[in-house]
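Here's the structure we're looking at; comments come further down.
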Amino acid sequence: MEASASRGEGPGCGCKGIRSCLLCEGPAQAAPPPQGEDNFTYCPATGLAVGNEHSEFAGWAFPFPGVFLIEEFITEDEESEIVELMDRDDWKPSQSGRRKQDYGPKVNFKKQRLKAGSFTGLPSFSKKIVAQMEACSVLGGFFPVEQCNLEYRPDRGSAIDPHFDDCWLWGERLVSLNLLSPTVLSMSCDSEDSIQLFPTSRKENWERSLPGPPPAGRNAGQERTECLVAPRLVSSREVRVGIALARRSLLVLHGAARYGWKHSIHRRHIRRRRVGVTFRELSAEFSPGGAQEELGRELLGIALSFQGRPV
């Protein structure tokens with residue numbers, strides 16, 4: 001009871017419920033549950049999740065769709081200017097050792113209620129960022145209605161638990177700009193489904209990719225059969241995929257990565273101050289043709305005025 005009562009009383013701590021940070025974890029309080037190590041790493045060049053060298057999945061891989069990653073999305077000077085402008089406004093305490101700045105409508109996700117409230121739009125410095133997004137093929141027709149800036153610091157034990165972003169209000173694509181320091185976005189899955197892995201060695205891949213019938217001759221056919229390695233089935237729950245986010249990189253999650261996999265950031269992956277800027281679009285319900293199209297149009301008009309202050 002004493003530990004629960006003290007939760008959130010530390011300076012700048014916004015933790016509630018089971019969440020905690022270094023500001024509210026007293027010496028008598030049990031440490032947070034250990035977070036599993038990522039056993040795969042996402043490869044942007046191939047779109048594969050590749051088994052990590054020292055994991056039980058070394059030498060295996062599987063397609064990991066729904067991720068778009070571009071490095072050096074903005075310049076160092078642009079990054080410095082953006083963070084300087086952010087720091088002119090107040091940062092509010094958030095859970096798990098984070099601080100936040102919200103630019104968006106007032107939402108009660110549990111009751112699915114929404115109104116503009118004190119929302120005055122996205123900040124002026126985001127207008128250029130949003131314009132640059134138009135050059136990304138995966139972001140065609142992306143109109144952000146909400147922006148959330150989250151600050152992570154190692155001295156606060158900042159992290160974010162595995163979660164899905166809301167689907168009632170927020171649409172298909174989640175867009176994040178990673179500022180000030182690199183980190184890792186960890187993807188996990190609670191599904192009962194299995195994932196089919198395939199071997200990654202060059203010879204095996206070459207043999208498996210050969211079109212048509214096996215080469216002529218008994219020995220050649222036998223050799224090819226011996227080289228084939230059967231796919232491996234593993235439970236989705238055993239798999240954790242790390243997506244490395246470089247400083248100033250832009251990440252888009254959509255499709256399977258948006259709806260089938262939870263995302264999180266572990267405490268150990270915050271080495272220096274890091275600011276994540278997340279942009280969200282409206283769901284189909286609030287888009288043209290949806291049941292709440294008119295409200296969606298109103299909110300987008302406010303958002304894209306780029307005259308906002310944190311709410």
Side-chain angles (χ1 to χ4, degrees), residues 7-8 10 12-26 29-44 48-58 62 64 66-67 69 71 91 93-100 148-165 174-191 195 234-253 256-278:
R7 187 70 54 82
C13 174
C15 296
K16 300 176 183 177
I18 63 172
R19 294 176 178 85
S20 66
C21 67
L22 292 180
L23 298 177
C24 66
E25 291 170 10
Q29 182 176 326
Q35 297 167 316
E37 294 283 345
D38 298 328
N39 43 30
F40 286 82
T41 296
Y42 177 74
C43 174
L48 299 176
V50 180
N52 291 340
E53 182 178 353
H54 299 294
S55 79
E56 62 177 301
F57 301 115
F62 68 97
F64 196 82
V67 177
L69 183 62
E71 296 189 359
W91 290 89
S94 185
Q95 300 198 62
S96 303
R98 293 166 286 143
R99 296 197 303 169
K100 66 180 179 180
C148 181
N149 306 332
L150 283 174
E151 180 198 60
Y152 295 70
R153 286 183 178 271
D155 59 327
R156 295 173 178 267
S158 301
I160 189 166
D161 294 336
H163 68 284
F164 292 113
D165 278 30
L174 304 177
V175 183
S176 294
L177 181 62
N178 188 58
L179 303 178
L180 295 182
S181 65
T183 191
V184 175
L185 191 73
S186 297
M187 312 292 289
S188 57
C189 186
D190 293 336
S191 171
I195 294 175
V234 298
S235 168
S236 297
R237 297 189 175 194
E238 296 180 33
V239 173
R240 294 173 298 277
V241 181
I243 303 176
L245 302 181
R247 184 175 176 177
R248 297 185 300 280
S249 62
L250 186 82
L251 172 72
V252 183
L253 299 180
R258 159 76 162 105
Y259 298 114
W261 292 78
K262 293 181 178 180
H263 55 275
S264 62
I265 292 181
H266 299 326
R267 182 180 290 182
R268 64 179 177 272
H269 289 143
I270 300 299
R271 306 288 180 85
R272 296 182 296 279
R273 185 190 185 197
R274 179 245 176 190
V275 173
V277 185
T278 298

Q) Taking atom types as modelled and ignoring hydrogens, do the side chains of His163 and Asp165 form a donor-acceptor contact shorter than 3.5 angstrom? A)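 There is such a pair (donor and acceptor under 3.5 Å, judged by atom type) between the side chains of His163 and Asp165.
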Check: Just checking, any donor-acceptor pair under 3.5 angstrom between side chains of Ser249 and Asn178?
Finding: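 No, because no side-chain N or O of Ser249 sits under 3.5 Å from a partner of the opposite role on Asn178.
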Contacts of Glu56 that satisfy salt bridge (Lys or Arg N to Asp or Glu O under 4.0 Å) - sequence neighbours left out |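 Glu56 satisfies salt bridge (Lys or Arg N to Asp or Glu O under 4.0 Å) with Arg232 once adjacent residues are dropped.
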Practice problem: Go through the steps to decide whether Leu253 and Leu185 satisfy the test side-chain contact (heavy atoms from CB on, under 4.5 Å), and finish with yes or no. | Solution: CA-CA 11 Å; Leu253 299 180; Leu185 191 73; 4.0 Å; yes
Looking at [X] and [Y], would you say the former's side chain and the latter's main chain have a donor-acceptor pair under 3.5 Å?
X: Arg271; Y: Arg268; value: yes
X: Asn149; Y: Val277; value: no
X: Thr183; Y: His269; value: yes

Residues, nucleotides or ligands: over 12 heavy atoms within 6.0 Å of Glu238 CD |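 More than 12 heavy atoms, drawn from other residues, nucleotides or ligands, come within 6.0 Å of this atom.
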Non-hydrogen atoms of [X] and [Y] that approach each other most closely:
X: Ala257; Y: Val67; result: CB-CG2, 4.0 Å
X: Ser96; Y: Cys15; result: N-SG, 3.3 Å
X: Arg273; Y: Glu151; result: NE-OE2, 2.8 Å
X: Gly14; Y: Gln95; result: O-CG, 3.2 Å
X: Asp190; Y: Lys262; result: OD2-NZ, 2.7 Å
X: Cys13; Y: Pro93; result: C-CB, 4.1 Å

May I ask you to check whether Phe40 and Phe64 place their ring centres under 6.0 Å from each other?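 Judged by ring-centre distance (under 6.0 Å), Phe64 and Phe40 do not meet the cut-off.
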Practice task
Step by step, work out the side-chain contact (heavy atoms from CB on, under 4.5 Å) result for Phe62 and Val241.
Solution key: CA-CA 11 Å; Phe62 68 97; Val241 181; 3.9 Å; yes
Nearest-0.5 Å distance that lies between atom [atom1] in [X] and atom [atom2] in [Y]:
X: Cys21; Y: Arg267; atom1: SG; atom2: CZ; answer: 7.5 Å
X: Leu69; Y: Leu245; atom1: CG; atom2: CG; answer: 6.5 Å
X: Arg274; Y: Ile265; atom1: CZ; atom2: CD1; answer: 4.0 Å

**Prompt:** Do Glu25 and Ser20 come close enough that some side-chain heavy atom pair is under 4.5 Å?
**Reply:**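 The answer is yes; the side chains approach within 4.5 Å.
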